[in-house]
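Keep in mind that this is a model prediction, so the values were computed, not measured. Numbering of ligands and ligand atoms starts at 1, following listing order.
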Amino acid sequence: MRVVALTSEDDFEGWRDAARSLAAARIDPSEVVWQVGDQPGDLFGDEAVLPSAAPELRVSRRFVGLAQEAILHSDPERFALLYTLLTRVIARPGSIEDKADPLLRRLDDMAKSVRRDIHKMRAFLRFREVADDSGPRFIAWFEPDHHIVHANARFFVDRFHTMRWSILTPEVSLHWDGETLTEGPGASKADAPQDDPVEAVWKTYYASIFNPARLKTGAMLKEMPRKYWKNMPETALVGELIKGARARELAMVETARTTGPGDNATKAWAALRDEAAACTRCHLYKHATQTVFGEGPVDAPLMLIGEQPGDQEDIAGRPFVGPAGQLLDDALAQAGIDRSAAYLTNAVKHFKFEPRGKRRIHSTPDAGEINACRWWVEQELLIVRPKVVIALGATAARSLLGKAVTISRERGRAIPLDSGAEAWITVHPSYLLRLPDPEAKAAQHAAFIADLRTAAARL
Ligand code: URA
């Protein structure tokens, strides 16, 4: 028997190197024992495989992709199954496409289950805010089905780059201090805080998006497996919501008919705005006068997202009231759009500036600041549920699409969002204000109005 001791449950490199050595030596899968960690007792009479001297081996990308995912599955047999598949693929490269092969199907199912688990962690993990001597810190508890925590670490670092956070799971804990990711031992649910003000927002928000019509089809229950309910603050409301769903559905229809947007959406929005007023997700709150939150009808079919409040917005506490706002107002009017019927907000909710004498000079928010503030924009999108979202400029586009894009390339076409809404990208009004050449200015101004008109025509 050969024994391979992998360093961790998700040690893909260790598995790969050992598998290469074993395959090169034509060792039959039945001759190999795979285990995680050093268990010297198990080596008695057996030969340890030292995978470091692994020869190169060419296999298809499809195999490598499958192995990288399936290896994260919790099934202890996965290492052996993958090695068996590897020996087959070496003998018959085409066998990786054999859809009827039960081994391949089993491994494909494992990879799928891992992908689903990765997605669930991203979608259902909730941070609770706590404070320590250095300020706010966010803690989340999550119980994955598979060994996916490391595979998801980069996602959470990118997404919550400017926050200090810890993710606790039974197997491992991850800690991000704003600069460095460290790893600690597993934890228990009791180590994570159970309740905090962030939950209040979630609960109100969840009540507002709870849609009895979707519940009837089971769509929402399918998206949110029961297993996760216990860790999500909003699910404390589920039983109550189901009980009252029919009555509330009728009441909401009646309210919407007589008074406009549902009361719940208005409440959720107000709770969100109040929460944002105390936002310290990034450092910009330290020098700005106040959070400038979005404004407009909470059921607006059109949402416009700007970059960040300017000097005047920072003082007034309202978006787009300064020079760029005036240009935008004119352009909206020329495009036939009623500003008061649209929801206006910014990708970044605090004014970022450089002090120069008595003046405060606008400074463009960086990726970390945009990412930190994306959480608010996402909540605004979830509550307002616009049909069309216009991103004004690169910062807004980055916030909305979650990646940097080139305006000239994306402009003039609908970009579908996960929510079902359409995103339209155009320039920022400040760009038009800055253009020195009158001819270029007029041309760009006309193009801006045309962009607004095209997007609004989709409503
Ligand atoms: N520029 C923006 O992007 N937003 C404002 O609110 C004001 C100026």
F12: what forms a ring pair (Phe, Tyr, Trp, His ring centres under 6.0 Å) with it, not counting sequence neighbours?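 Per chain and number, F12 pairs via ring pair (Phe, Tyr, Trp, His ring centres under 6.0 Å) with no residue.
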Going by heavy atoms in the side chains, are M110 and E69 under 4.5 Å from each other?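 Not in contact.
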Near [X], which atoms of ligand 1 are under 4.0 Å from a heavy atom of that residue?
X: P319; result: 6 (O)
X: G306; result: 3 (O)
X: H428; result: 1 (N), 2 (C), 3 (O)

Counting only heavy atoms closer than 4.0 Å, does ligand 1 sit against the backbone of E307, its side chain, both, or neither?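 Both parts.
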Taking the six-membered ring of W165, is the NZ or CZ of R137 close enough (under 6.0 Å from the centre) and on axis enough (within 45°)?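 No, R137 does not sit over the ring of W165.
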Which residue and non-hydrogen atom of the protein lie closest to atom 8 (C) of ligand 1, and at what distance in Å?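 Result for atom 8 (C) of ligand 1: Q308 O, 3.7 Å.
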Taking atom CG of D145 and atom CG of L72, what is their separation to the nearest 0.5 Å?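 Between D145 CG and L72 CG, I get 12.5 Å after rounding to 0.5 Å.
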Contact check: N346 vs ligand 1, nitrogen or oxygen atoms, below 3.5 angstrom: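 N/O-N/O distance below 3.5 Å exists for this pair.
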Below 3.5 angstrom, do we get any N/O pair linking G310 and ligand 1?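 Not met; the criterion fails.
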Aromatic plane relationship, W269 with F293 - under 30° parallel, 30 to 60° tilted, over 60° perpendicular: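 Taking W269 first and then F293, their aromatic rings sit tilted (interplane angle of 30° to 60°).
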Please name the residue in the list H350, K352, H362 that meets the side chain to side chain donor-acceptor pair (under 3.5 Å) test with Q308.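 Among the candidates, only H362 passes.
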